Amino acid sequence: MRLENYIKNSQWSGVISLGIGTVVAQLINIIIQPLLTRMITPEELGVYSFIISMANLIIPVASLKLSMLIVVDGEDDNAELLTDVSILTVLLVTFIYTIFLVIMMFVGNNSFYEIGALSFLIPLIILTNGVRFTFVNHNNRYMKYSLISKVDILRESLKGFIQVTSGFLGGGVFGQSFGYAVSPALGLKIQAKDYMIRFKQRDKITLKDVLSIYMKHKKHILYLVPAQFINSFSYALITMSVISLFSAREAGYYSISFMVLGLPLVLISNNVSRVFLQKLGSDYREGKSVWKNYISFIKILGIISILGFSLLAIIAPKVSELIFGVGYEEAGRYITILCFMYALRFIASSLIGGYVVFNKQKMDTVFQTLLVLSGVAIHYLTEIFILNIYEYLGLISITYGIVYLLIIINLGFICKKHSENQKNM
């Protein structure tokens with residue numbers, strides 16, 4: 001009973017609550033992947049991966065990162081206004097992206113033009129996921145971790161059902177992308193329930209309010225949006241480089257390795273980051289030691305990262321072929337090479353929201369720019385010296401890994417310095 005109360009009252013209760021639901025949701029995704037790799041062709045997998053990659057460039061910045069502030073703002077009224085503006089911003093960004101696609105169709109001779117009408121699934125994916133993450137942050141503010149987890153399970157189940165059904169019926173790229181696009185809409189009404197109650201009881205937001213929010217948080221937007229976009233681009237850049245430097249075959253294997261290595265981030269890191277941000281923001285406002293909080297998270301994340309990714313690096317080649325089918329041992333080799341980078345990214349991604357609390361978004365931008373510059377440099381080195389795919393991925397793993405290590409160290413320095421200043425006051 002004492003242990004139960006400790007867990008319930010500790011900062012890890014939120015991680016555990018979110019983690020259980022996310023594990024179940026992702027287990028559904030893991031189960032259907034071996035089916036999908038046997039139902040759709042490598043070419044279809046490539047186009048689907050392109051659509052999702054292009055959407056994921058925009059989804060994290062669809063609200064101009066204002067939804068992140070919903071969690072940490074000191075006033076509930078301000079948090080509600082931030083939710084309003086985040087939703088409106090997602091709608092505006094989706095509209096702008098749609099106009100961009102129309103222009104690309106008229107221009108021709110580009111990837112969007114080549115896949116035709118399928119490109120217009122991208123703004124739909126941006127819209128549904130942008131609104132989804134806005135309400136996830138709203139729920140996170142009020143520590144509704146159980147609700148977030150339950151809705152994640154429902155959404156993943158719907159996505160899996162649509163994609164598998166489409167695979168059986170030969171729906172190809174459209175069916176896979178449509179499942180990804182519509183599943184986030186499930187559960188929005190439940191997640192928005194508290195928001196809608198407050199919305200009906202308060203004054204409606206005006207254009208002046210919207211502009212005021214943009215002006216008030218312009219520093220946050222100007223630093224964090226480019227940083228997040230650059231971060232997303234740094235991984236899209238790898239996909240584009242693999243296709244450009246090698247072939248669609250290697251790109252297909254890379255997409256599987258990217259999916260597998262991303263699972264720990266989805267299962268654990270994303271949930272830890274929400275709780276870390278909420279806890280760090282609370283300790284910061286109350287004048288408590290943020291250094292102790294940082295150390296607590298680092299210890300747990302470090303143990304999980306070292307043990308988990310070491311094991312994954314060893315078993316990946318054989319297990320990949322067993323799970324995904326003949327030929328996918330190659331994807332497993334990519335996983336082994338990239339484990340070093342992802343082990344450090346796993347920790348850094350959990351903590352990087354701390355820059356928002358300390359108003360140090362500029363540092364985030366610097367590090368994300370380093371990632372892109374590293375990716376571009378490695379692309380040209382590979383082209384000049386005619387490196388093979390293993391050498392290319394090895395260089396990516398080492399350089400990106402070092403950048404993530406620098407992020408972890410830098411955040412620790414900031415937390416320690418802040419706690420020392422608090423003691424001296």
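Nothing here was measured: the structure is a model prediction, and the numbers come from that model. Scope of the values below: all heavy atoms of this structure, side chains included, with no hydrogens, waters or symmetry mates.
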Is there a side-chain contact between Ile337 and Ile396, using heavy atoms and a 4.5 Å cut-off? no

Kindly indicate whether the side chain of Leu263, heavy atoms from C-beta on, has any atom under 4.5 Å from the side chain of Asn29. yes

For a quick test of reading the model, state the closest non-hydrogen atom pair linking Phe340 to Gly401 and the distance between them. CE2-CA, 4.0 Å

Passes side-chain contact (heavy atoms from CB on, under 4.5 Å), Tyr253 versus Val242? Steps please. CA-CA 10 Å; Tyr253 291 138; Val242 171; over 6 Å; no

Look at the side chain of Ser241 and the backbone N and O of Ile238, then say whether any donor-acceptor pair between them is shorter than 3.5 Å. no

Is it true that a side-chain atom of Ser374 and a backbone atom of Leu370 form a donor plus acceptor pair closer than 3.5 Å? yes

For Leu57 and Phe229, work out which heavy atoms get closest and say how close. O-CD1, 3.6 Å

Do Ile103 and Ile99 have side-chain heavy atoms sitting under 4.5 Å apart? yes

Between Ser86 (side chain only) and Ser67 (backbone N and O only), is there a donor and an acceptor less than 3.5 Å apart? yes

Hey, what do you get for CD1 (Ile386) to CD (Glu391), rounding to the nearest 0.5 Å? 11.0 Å

Kindly determine whether Phe309 and Ile304 satisfy side-chain contact (heavy atoms from CB on, under 4.5 Å), including the steps that lead there. CA-CA 8 Å; Phe309 283 97; Ile304 295 172; over 6 Å; no

Here the gap from Cys339 atom SG to Arg345 atom CZ, rounded to the nearest 0.5 Å, amounts to 13.0 Å

Contact between Leu186 and Val151 at the side-chain level, heavy atoms closer than 4.5 Å - yes or no? no

Between Ser166 (side chain only) and Ile162 (backbone N and O only), is there a donor and an acceptor less than 3.5 Å apart? no

Residue pair Leu351 / Leu411: nearest heavy atoms and the distance that separates them: O-CD1, 3.4 Å

As a quick check of understanding, evaluate side-chain contact (heavy atoms from CB on, under 4.5 Å) for Asn359 and Lys219, giving each step before the final call. CA-CA 9 Å; Asn359 200 27; Lys219 187 176 180 181; 3.7 Å; yes

So, the side chain of Thr134 versus the backbone of Ile87: is there a donor-acceptor pair under 3.5 Å, distance only? no

For Thr37, side chain to side chain contact (heavy atoms under 4.5 Å, CB included) partners two or more places apart: Ile256, Phe324, Tyr328

Taking it one step at a time, do His138 and Gln191 satisfy side-chain contact (heavy atoms from CB on, under 4.5 Å)? CA-CA 8 Å; His138 190 273; Gln191 286 191 294; over 6 Å; no

side-chain hydrogen bond (donor to acceptor under 3.5 Å, both in side chains) test vs Tyr355 passes for just one of Thr365, Asp364, Asn410, namely Asn410

To the nearest 0.5 Å, what is the distance between CD1 on Ile352 and CD1 on Ile347? 13.0 Å

Intermediate values then yes/no, salt bridge (Lys or Arg N to Asp or Glu O under 4.0 Å), Asp194 and Arg141: CA-CA 12 Å; Asp194 287 349; Arg141 176 182 178 83; over 6 Å; no

Quick check: do Leu35 and Phe168 have side-chain heavy atoms less than 4.5 Å from each other? no

Scan side-chain atoms only and decide if Asp84 and Tyr195 contain a donor-acceptor pair under the 3.5 Å cut-off. yes

Can you see which heavy atom on Tyr254 is nearest to which on Leu338, and at what distance? CE1-CD1, 3.9 Å

Going by the side-chain contact (heavy atoms from CB on, under 4.5 Å) test, name the single residue among Ile28, Val182, Leu188 that passes it with Arg155. Leu188

Under 3.5 Å, side chain of Lys204 to main-chain N/O of Phe199, donor-acceptor pair present? yes

Under 3.5 Å, is there a donor on one side chain and an acceptor on the other for Tyr334 and Glu330? yes

Considering non-hydrogen atoms only, spot the tightest contact between Pro60 and Ser232 and give its length. CG-OG, 3.8 Å

Could you walk me through whether Tyr48 and Gln163 pass the side chain to side chain donor-acceptor pair (under 3.5 Å) check? CA-CA 12 Å; Tyr48 170 66; Gln163 290 184 332; 3.1 Å; yes

Taking atom CG as the centre, does Asn388 end up with more than 12 heavy-atom neighbours from other residues, nucleotides or ligands that are less than 6.0 angstrom away? yes

Determine the minimum heavy-atom distance between Leu312 and Leu261, stating which atoms define it. CD2-CD2, 3.8 Å

Interatomic spacing from CD1 in Ile148 to CZ in Arg132 - rounded to 0.5 Å: 10.5 Å

Report yes if the side chains of Leu127 and Tyr97 come closer than 4.5 Å at any heavy-atom pair, otherwise no. no

Give a yes or no answer on whether the side chain of Thr128 reaches the backbone of Ala181 with a donor-acceptor pair at less than 3.5 Å. yes

Residues, nucleotides or ligands: over 12 heavy atoms within 6.0 Å of Met215 CE: no

Can you tell whether the side chains of Lys216 and Asp209 come within less than 4.0 Å, N to carboxylate O? no

Quick check against the 3.5 Å criterion: does Ser183 have a side-chain atom that pairs as donor or acceptor with the backbone of Leu158? no

Judged by atom type as modelled, is there a donor-acceptor pair below 3.5 Å linking the side chain of Ser397 to the main-chain atoms of Leu393? no

Side-chain donor/acceptor of Glu329 to backbone N/O of Pro317, under 3.5 Å: no

Counting only heavy atoms not in Tyr214 (residues, nucleotides, ligands), do more than 12 fall under 6.0 Å from its OH? yes

Contacts of Arg38 meeting salt bridge (charged side-chain N to carboxylate O under 4.0 Å, His left out) (sequence neighbours excluded), chain-then-number -> none

Taking atom OH of Tyr390 as the centre, report whether more than 12 heavy atoms of other residues, nucleotides or ligands fall under 6.0 Å from it. yes

Can we call the ring centroids of Phe385 and Tyr392 under 6.0 Å apart? no

Just so I know, are the side chains of Leu301 and Ser305 near enough to count as touching, which here means a heavy-atom distance under 4.5 Å? no

Side chains of Ser49 and Thr239: closer than 4.5 Å at any heavy-atom pair? no

Between atom OG of Ser234 and atom OH of Tyr400, what is the distance when rounded to the nearest 0.5 Å? 4.5 Å

Could you check whether Arg198 makes a cation-pi contact with Tyr142, meaning its NZ or CZ is under 6.0 Å from the centre of the six-membered ring and within 45° of the ring axis? yes

What's the separation between atom CD1 in Ile52 and atom CE in Met54, rounded to the nearest 0.5 Å? 10.5 Å

